[in-house]
Amino acid sequence: MDYSHKSIEQKWQKFWADNQTFKTSESTEKPKYYVLDMFPYPSGAGLHVGHPLGYIASDIFSRYKRLKGYNVLHPMGYDSFGLPAEQYAIQTGQHPAITTETNINRYREQLDNIGFSYDWSREVRTSDPAYYRWTQWIFMQLFNAWYNKDVDKAESIETLIAKFETSGSQGINAECDDDILTFSAEEWKSFSEEQQQREILKYRLAYLRESTVNWCAALGTVLANDEVINGVSERGGYPVEQKKMMQWSMRITAYADRLLRGLDTVDWPEPLIEMQRNWIGKSVGASVKFPVPQLDTDIEVFTTRVDTIFGVSFIVLAPEHELVSALTTEDQKSEIESYIDKTSKKSELDRMADTKTVSGAFTGSYAKHPITGKDVQIWIADYVLAGYGTGAVMAVPSGDQRDYLFAKHFNLPIIPISDSQNIEEEADANKDGRYINSGFINGMTYQEAVAALIAKLEELKLGKAKINFRMRDAIFGRQRYWGEPVPVYFKNGLPYLIKEEELPLLLPEVDKYLPTETGEPPLGRAENWKYQDQYEYELSTMPGWAGSSWYWFRYMDPQNAESFASKEAVDYWKAVDLYIGGSEHATGHLLYSRFWNKFLKDLGFHNEEEPFKKLINQGMIQGRSNFVYRVLDEEGRGTNKFVSFGLRDQYNTIPLHVDVNIVYNDVLDTEKFKSFRPDFADAEFVLEDGKYICGTEVEKMSKSKFNVVNPDDIIANFGADTLRLYEMFLGPLEQAKPWNTNGIEGVYKFLRKVWRLFHDAGGNFNVSDEEPTKAEYKALHKIIKKVEDDIERFAFNTSVSAFMICVNELTDLKCNKRKILQDLIIVLEPYAPHITEELWSLLGNEAGAISYAAYPKFNPDYLIESVFAYPVSVNGKMKMNLPLALDLDAKAVEEIVLANADVQRYLDGKAVKKLIFVKGKIINIVV
RNA sequence: GCCUAGGUGGUGGAACUGGUAGACACGCAGGACUUAAAAUCCUGUUCCUGUUAAAGGAGUGCGGGUUCGAUUCCCGCCCUAGGUACCA
């Protein structure tokens with residue numbers, strides 16, 4: 001019988017499902033291992049060949065770990081709340097839940113075809129009320145918590161209230177809003193319930209506040225910072241504007257430092273760690289106050305170079321700074337106002353693009369230098385951002401290039417402050433010299449100056465050391481329908497949680513999925529949707545990242561109705577050992593998940609500071625488009641004549657995308673092309689060497705480019721095992737690469753060779769119980785070792801090559817020994833589980849048991865040969881092969897090599913300086 | 001601009017700590033089997049010189065360096081991809 005992938009794969013996929021082969025339990029003596037994929041959003045387009053790459057890698061790893069004796073948790077689910085289903089609902093009126101269900105079923109079917117070893121009994125869906133009940137529950141915990149900086153962790157809000165009651169706001173060191181009140185315990189007790197709640201809200205980790213948000217009018221919702229790319233929305237690319245709104249936010253900034261420190265403890269790709277570091281954006285520096293006597297206030301600035309303070313020649317405020325109008329003198333009023341007007345009209349994009357032009361305006365006012373007391377001009381300019389630091393900077397033209405250009409342009413003084421500075425052409429920020437023109441720090445080094453200045457500023461009460469973060473709190477509400485309802489109702493304009501036993505707060509039915517006529521979110525359309533029939537519910541829903549910020553816990557205990565996961569399950573599985581997914585989630589999902597994980601740890605629900613110990617980014621698989629070249633007539637209109645790639649320069653042509661599924665090795669199937677589009681039915685071709693060769697280009701995989709390859713088609717032609725092997729064979733897992741079906745034959749051929757090892761020429765199963773030869777053992781043990789090493793370092797591509805070499809060797813040896821072949825298929829099982837299951841049971845073993853068989857033990861003795869050919873050279877020049885017995889020690893080898901007549905001739909009487917041994921072989925003699 | 005990763009045959013890629021560069025696969029060329037095709041197998045395939053050959057030379061983006069020996073380490077430059085940006 002020939003290798004028939006179709007029947008084998010169907011048979012075993014059914015067997016695994018019927019027997020729940022991959023169901024995982026916690027009651028075992030085996031060590032645990034948790035392998036997680038980033039769960040997909042089930043989109044309507046289904047999977048293309050690029051999606052499963054990471055899933056295949058994680059499945060290989062999971063299966064390998066099972067063979068190695070681990071109890072592996074390898075689950076899958078769906079991030080099923082999201083925009084596309086809602087937009088489809090707006091267009092068609094179909095409930096997003098139905099769209100989502102349909103898409104999930106399609107995804108499941110496609111995933112099943114690939115033969116993954118998921119424990120489907122643990123599947124989660126973020127849009128399932130049984131799941132989002134716990135998302136809402138975690139929101140409640142965040143609402144009921146504050147961040148105590150004294151102990152550097154979140155605590156229940158009750159501990160804060162207790163402090164208020166005993167000592168008022170005295171001595172509380174919290175991460176909170178800026179506008180908190182100062183009060184005594186007595187005053188606190190005299191506050192009304194409403195006043196108290198209003199104050200507590202400023203401390204909660206999930207809080208409601210008037211904030212400047214990214215408003216996307218086209219999507220009708222606010223967006224988080226990570227959902228805005230270059231001033232437009234990540235989804236759809238619509239313009240985004242800044243707007244003040246009452247919004248739910250998450251106080252992720254409380255965790256900024258822990259999120260940063262944690263990065264040193266995880267095994268993640270360096271670029272990803274770097275992205276998170278930049279996003280958190282920690283700057284160590286000082287905050288300095290410049291007094292403004294006429295207004296009886298100070299301008300506070302943040303600087304990372306307090307040592308340059310004597311070089312300050314002016315101060316710059318952001319045009320939006322709150323003191324601008326008060327500081328503007330009568331004379332400067334029109335200039336300032338026209339400048340503000342001009343900058344406010346610039347969109348975010350223009351402002352980013354236009355970083356070359358220097359612009360600004362003088363307010364007419366002066367501040368006092370905190371140390372010298374001299375007058376310092378106050379300017380406004382749009383290179384200072386309202387949203388970072390204090391929205392004001394001290395300008396040091398000699399040390400900062402932007403300040404330098406500004407000073408040159410407006411003819412402001414440039415004061416050199418270091419004896420090592422060269423400021424002829426541009427600013428010089430070096431810290432190497434000694435200070436000059438710098439009062440009491442003259443002659444000091446950088447380190448000395450910073451310490452002296454901080455001490456001085458603290459003494460003057462005009463400044464202190466400060467750490468600033470770029471990261472902002474995360475906006476948590478979305479004005480959309482298809483998301484988790486926020487379990488909050490409003491009384492006297494203040495938010496209150498519903499009771500825990502009232503969870504889940506179900507998503508209400510609405511007649512349309514659009515905002516209401518009065519501009520409220522879609523939930524405003526729900527009829528009679530009121531808490532206790534009288535209080536308004538929150539009408540925003542949670543953002544897409546809510547459900548994905550804790551889902552790995554739910555897999556540990558997915559059916560639990562009492563808690564998000566039981567203590568026992570969480571203590572057993574701990575954290576995710578290996579997480580595989582795309583790097584596009586670097587500053588979104590992966591940051592929010594770490595945040596919620598740390599928060600849940602603070603409240604004592606588990607003990608892991610970091611949720612994902614090791615993380616691998618699979619590279620994106622791009623599309624590889626094919627083109628035909630349509631000949632144009634004199635008027636430049638397209639004719640029905642198409643010229644082959646190599647001859648296209650001889651004609652006036654226009655390239656057209658052609659479906660990659662009718663092109664093989666870049667040769668067009670001209671018959672299929674004629675039925676590709678009706679107007680191509682009578683197409684003519686100009687061929688080269690009798691073939692029509694297509695052009696190629698690497699682009700994103702998309703329907704409009706006709707370069708989408710569906711895994712189902714590959715599986716129908718070659719089988720899931722071939723697809724799995726080929727996706728790995730394509731190149732290193734972490735590298736982006738274009739999909740190209742061209743080489744898949746080689747992998748398919750390999751599997752047929754594996755099959756033939758077990759069968760005779762007539763196709764009959766034929767395996768012998770004879771003792772294998774040394775050569776056969778050697779081939780086997782090479783692959784045992786190689787695959788072990790490769791999988792541990794995620795180099796799956798080279799394993800596939802090694803398998804091919806191994807099978808070629810065994811074929812040459814005509815090996816059909818059970819002892820060899822059985823171990824071979826165990827090693828191959830993670831990569832190609834279907835064919836190995838089939839061969840396993842043909843060998844007479846228990847069906848399904850190969851998934852948990854023991855990985856063969858590597859024995860290095862089998863790799864030792866009796867004779868090695870020693871490549872030897874003298875000073876790298878001449879090369880020769882000396883056959884030698886292996887079991888000689890280094891000394892003996894040395895003697896034999898030096899005694900060799902050829903070596904002697906090359907040495908030509910010169911003294912030997914040293915012998916270079918590599919892995920026990922002499923490879924070079926240095927004279 | 002800055003940060004990170006990378007640059008190897010016609011193509012995808014290999015070479016794990018400096019040790020025979022181009023494994024393995026695709027493609028291509030030639031051959032065997034076959035009436036023929038499919039399938040399968042064999043041989044060749046970095047480039048240049050050389051009548052096939054023997055043999056020699058060059059060669060891992062470019063230019064230098066360290067070393068007996070460099071795709072690998074160091075310095076300078078060029079290019080590609082991803083991230084990021086008036087962040088004070």
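The sequence lines fix the lettering, A, B, ..., with proteins before strands; numbering per chain opens at 1. Basis for what follows: all heavy atoms, side chains included, without hydrogens, waters or symmetry-related copies.
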**Student:** Among B:U4, B:A39, B:G13, which is the nearest nucleotide to the side chain of A:Arg752?
**Tutor:**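 My answer, after comparing the listed nucleotides, is B:A39.
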
**Student:** Does B:C87 have its OP1 or OP2 closer than 4.0 Å to a side-chain nitrogen or oxygen of A:Asn468?
**Tutor:**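 No, no such contact exists.
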
**Student:** Check the phosphate of B:A85 against A:Arg470, side-chain N and O only, distance under 4.0 Å to OP1 or OP2. Yes or no?
**Tutor:**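 It does, given that an N or O in the side chain of A:Arg470 lies less than 4.0 Å from OP1 or OP2 of B:A85.
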
**Student:** Would you please classify the geometry between the A:Phe302 ring and the A:Tyr388 ring as parallel, tilted or perpendicular, with 30° and 60° separating the classes?
**Tutor:**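 Because their plane-to-plane angle is over 60°, the rings of A:Tyr388 and A:Phe302 count as perpendicular.
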
**Student:** Classify A:Arg624 by what it touches in the nucleic acid, base, sugar-phosphate, or nothing, heavy-atom distance under 4.0 Å.
**Tutor:**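 Nothing, no nucleic acid heavy atom in range.
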
**Student:** Which part of the nucleic acid, if any, lies within reach of A:Pro732 when heavy atoms closer than 4.0 Å are counted: base, sugar-phosphate only, or nothing?
**Tutor:**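 A:Pro732: backbone/sugar contact only, no base atoms under 4.0 Å.
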
**Student:** Answer yes or no: does atom NZ of A:Lys289 have more than 12 heavy-atom neighbours from other residues, nucleotides or ligands under 6.0 Å?
**Tutor:**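 Check fails, neighbour count at 12 or below.
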
**Student:** Using a 4.0 Å heavy-atom cut-off across all strands, classify A:Asp403 as base, sugar-phosphate, or nothing.
**Tutor:**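 No contact.
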
**Student:** For RNA chain B, determine which residues of residues 782-796 of chain A have any heavy atom closer than 4.0 angstrom to one of its atoms, and list them numerically.
**Tutor:**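 Close to the strand are A:Arg793.
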
**Student:** Over 60° means perpendicular and under 30° means parallel, so tell me whether A:Phe796 and A:Tyr831 are parallel, tilted or perpendicular.
**Tutor:**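 Perpendicular, since the angle between the ring planes exceeds 60°.
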
**Student:** Starting at NZ of A:Lys466, measure out to OG1 of A:Thr390 and round the result to the nearest 0.5 Å.
**Tutor:**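 A:Lys466 NZ to A:Thr390 OG1: 7.5 Å, rounded to 0.5 Å.
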
**Student:** What orientation do A:Tyr3 and A:Trp755 show, parallel under 30°, tilted 30 to 60°, or perpendicular over 60°?
**Tutor:**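 Tilted: the ring planes of A:Tyr3 and A:Trp755 meet at 30° to 60°.
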
**Student:** Does the side chain of A:Gln377 reach to within under 4.5 Å of the side chain of A:Thr363, using non-hydrogen atoms?
**Tutor:**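 No; the side chains remain at least 4.5 Å from each other.
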
**Student:** If I take atom CZ in residue A:Phe290 and atom C1' in nucleotide B:A88, what distance separates them, rounded to the nearest angstrom?
**Tutor:**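 To the nearest whole Å, that distance equals 12 Å.
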
**Student:** Taking atom C1' of B:A88 as reference, at what distance in whole Å does atom CD1 of A:Ile380 sit?
**Tutor:**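 About 17 Å, once rounded to whole Å.
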
**Student:** Nearest to the side chain of A:Glu274, which nucleotide is it out of B:C24, B:C3, B:C86?
**Tutor:**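 The listed nucleotide nearest to A:Glu274's side chain is B:C3.
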
**Student:** Is a salt bridge present between A:Glu809 and A:Lys778, judged by a nitrogen-to-oxygen distance below 4.0 Å?
**Tutor:**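 Here A:Glu809 does not pair with A:Lys778 in a salt bridge, since their nearest N and O are not under 4.0 Å apart.
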
**Student:** Look up atom CG in A:Leu810 and atom CG in A:Asn808, then write down how far apart they are to the nearest 0.5 Å.
**Tutor:**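 One finds 9.0 Å between CG of A:Leu810 and CG of A:Asn808.
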
**Student:** Please determine whether a side-chain nitrogen or oxygen atom of A:Arg402 lies at a distance below 4.0 Å from atom OP1 or OP2 of B:G1.
**Tutor:**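 For A:Arg402, the contact criterion (side-chain N or O under 4.0 Å from OP1 or OP2 of B:G1) is not met.
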
**Student:** Distance check, P atoms only: B:G9 and B:A23, in whole angstrom units.
**Tutor:**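 Rounded to whole Å, the distance is 13 Å.
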
**Student:** What is the separation between atom CD on A:Glu745 and atom P on B:C28, rounded to the nearest whole Å?
**Tutor:**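 Result: 11 Å.
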
**Student:** Between A:Gln401 (CD) and B:C87 (P), how many Å, whole number?
**Tutor:**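 Interatomic distance, CD of A:Gln401 to P of B:C87: 12 Å.
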
**Student:** Would the number of heavy atoms belonging to other residues, nucleotides or ligands and lying under 6.0 Å from CD of A:Glu270 be above 12?
**Tutor:**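 More than 12 within 6.0 Å, yes.
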
**Student:** Show me the dot-bracket string of RNA chain B, counting Watson-Crick or G-U pairs under 3.5 Å, with | for pairs to another strand and [ ] for crossing ones.
**Tutor:** (((((((..(((......[....)))((((((.......))))))((((.....))))..(((((..]....))))))))))))....

**Student:** If you check the A:Ile805 side chain, which of B:U84, B:A88, B:C24 turns out closest?
**Tutor:**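 So the nucleotide nearest the side chain must be B:C24.
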
**Student:** Separation of A:Lys753 atom NZ from B:C41 atom C1', in whole Å?
**Tutor:**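 From A:Lys753 NZ to B:C41 C1': 9 Å.
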
**Student:** Base, sugar-phosphate, or nothing: which does A:Gln735 touch, judged by heavy atoms less than 4.0 Å apart?
**Tutor:**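 Sugar-phosphate: the residue A:Gln735, judged by heavy atoms under 4.0 Å, touches backbone atoms but no base.
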
**Student:** Could you tell me how the ring of A:Phe803 sits relative to the ring of A:Phe750: parallel (under 30°), tilted (30 to 60°) or perpendicular (over 60°)?
**Tutor:**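 Tilted: the ring planes of A:Phe803 and A:Phe750 meet at 30° to 60°.
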
**Student:** Using whole Å, what does the distance between atom P of nucleotide B:G27 and atom CG of A:Asn740 come to?
**Tutor:**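 Distance check: A:Asn740 CG to B:G27 P gives 11 Å.
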
**Student:** Please tell me which of the listed nucleotides, B:G13, B:G12, B:C86, lies nearest to the side chain of A:Phe729?
**Tutor:**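 Out of B:G13, B:G12, B:C86, the nucleotide with an atom closest to A:Phe729's side chain is B:G12.
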
